[in-house]
Amino acid sequence: MGAVAADHMLPRGAQLAIGGVLLASVVAVAAVRFSGVTIREPDEAAVAMRELRFEDRADGSVIVIDAPSQTVIHTMVGENGFFRGALRGLARERKRNGLGSEQPFQLIGRADGRLTLVDPATGQRIDLESFGPTNAAVFARFMTDAPATR
């Protein structure tokens with residue numbers, strides 16, 4: 001078995017070259033990350049914006065409220081993992097900063113069709129298109145939902 005394994009090994013020079021390229025890549029990525037430079041595509045102009053509040057209910061549902069009119073526009077029932085996870089992350093950041101849920105979030109529609117969920121209280125943002133069209137669609141419906149009828 002030793003002879004067979006020896007036939008398939010890379011020459012030492014090739015191994016060192018591959019290791020050097022990998023090390024250089026890790027160092028380059030670390031340098032950019034620690035420099036504070038943000039690497040992201042610039043935002044297109046905002047073409048629509050809606051201020052929303054989210055409230056948990058005793059039955060486990062979450063209501064979506066149009067903040068300016070204080071009307072319920074949607075009720076999220078069930079798991080809705082992405083929706084709940086996104087809000088949980090933003091709420092955690094508010095709690096860490098000692099902020100409450102009074103200030104609404106901003107759902108911003110961009111000229112290129114992308115959606116961004118922004119928390120003006122903390123400056124946190126979620127570029128929803130990063131999570132795929134199905135997950136972005138969960139929030140996209142809030143841009144057009146009319147107030148729920150009672």
Is [X] linked to [Y] within one hydrophobic cluster, defined over Ile, Leu, Val, Met, Phe, Trp and Tyr using a side-chain heavy-atom separation of less than 4.5 Å?
X: Ile73; Y: Phe83; value: yes
X: Met49; Y: Val118; value: yes
X: Ile108; Y: Leu52; value: no
X: Val62; Y: Ile126; value: yes

Distance, nearest 0.5 Å, that separates [atom1] of [X] from [atom2] of [Y]:
X: Leu99; Y: Leu90; atom1: CG; atom2: CG; answer: 12.0 Å
X: Arg94; Y: Phe105; atom1: CZ; atom2: CZ; answer: 4.0 Å
X: Asn97; Y: Arg92; atom1: CG; atom2: CZ; answer: 12.5 Å
X: Asp56; Y: Ser101; atom1: CG; atom2: OG; answer: 9.5 Å

Ignoring hydrogens, what is the shortest heavy-atom contact between Val32 and Ser35? Give both atom names and the distance.
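The pair with the smallest heavy-atom distance is O-OG, 2.7 Å.
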Residue pair Pro104 / Pro120: nearest heavy atoms and the distance that separates them:
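Shortest heavy-atom separation between Pro104 and Pro120 comes out as O-CD, 3.5 Å.
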Run the salt-bridge test on [X] and [Y] with the 4.0 Å N-O cut-off and return the result as yes or no.
X: Arg114; Y: Asp112; value: yes
X: Lys95; Y: Glu93; value: no
X: Asp66; Y: Arg50; value: yes

Do the rings of Phe82 and Phe131 sit parallel, tilted or perpendicular, given the 30° and 60° boundaries?
tilted
Is there a donor-acceptor pair closer than 3.5 Å between any side-chain N or O of Ser25 and the backbone N or O of Val21?
yes
Can you tell me if Arg141 uses its side chain to pair, donor with acceptor, with the backbone of Val138 under 3.5 Å?
yes
Can you confirm whether [X] sits close enough to [Y] that some side-chain heavy atom of one is under 4.5 Å from a side-chain heavy atom of the other?
X: Val72; Y: Val64; answer: no
X: Phe142; Y: His74; answer: yes
X: Thr116; Y: Arg110; answer: yes
X: Leu115; Y: Leu107; answer: yes
X: Leu117; Y: Gln106; answer: no
X: Met76; Y: Ser61; answer: no
X: Leu10; Y: Ile18; answer: yes
X: Ile65; Y: Phe54; answer: no

Do Asp127 and Ser130 get their side chains close enough for a donor-acceptor pair, meaning under 3.5 Å?
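The answer is no; no qualifying pair exists.
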Test item: side-chain donor near acceptor, Arg53 and Gln70, under 3.5 Å:
yes
